[in-house]
Amino acid sequence: MVQILGANPFVTARGVEQQLGIAYNTVMRAIRQLEKQAIVKEVSGAKRDRVYCAWKLLDILEEPAATQTAENF
């Protein structure tokens with residue numbers, strides 16, 4: 001699941017189920033564990049087809065890239 005979050009910090013349980021080929025209940029157990037550790041957060045507010053986001057990862061991906069001059073090499 002980490003690979004999926006690295007490619008896109010927004011996921012659904014059904015999407016992870018299809019991409020990894022594992023049972024929905026297994027995916028939901030993993031998502032609950034990630035929620036407990038504050039790695040993902042439910043962001044859709046929906047009762048079905050909930051969307052989860054890895055906020056900290058999203059923050060890192062949105063950070064401007066640090067630039068270095070050729071003198072620093």
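From a predicted model like this one, the values you see are computed outputs, not experimental measurements. Residues take their numbers from the sequence shown, with the count starting at 1.
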Summary of side chain to side chain donor-acceptor pair (under 3.5 Å) pairs that have at least one residue in residues 1-19, sequence neighbours excluded: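 Sorted result for residues 1-19: R14-E17.
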Show me, pair by pair, the donor-acceptor contacts under 3.5 angstrom made by side chains of residues 25-37, not counting sequence neighbours?
| residue | atom | partner | partner atom | Å |
| --- | --- | --- | --- | --- |
| T26 | OG1 | R29 | NH2 | 3.4 |

Candidate list V11, V43, L5, V16, test side chain to side chain contact (heavy atoms under 4.5 Å, CB included), partner Y52, passing option: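 Only one of V11, V43, L5, V16 forms a side chain to side chain contact (heavy atoms under 4.5 Å, CB included) with Y52, namely V11.
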Could you pull out all residues at least two apart from E42 that satisfy side-chain hydrogen bond (donor to acceptor under 3.5 Å, both in side chains)?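 Only S44 meet the side-chain hydrogen bond (donor to acceptor under 3.5 Å, both in side chains) criterion with E42.
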Closest heavy-atom pair and its distance - A46, R50: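 Smallest interatomic distance, heavy atoms only, reads O-NE, 2.8 Å.
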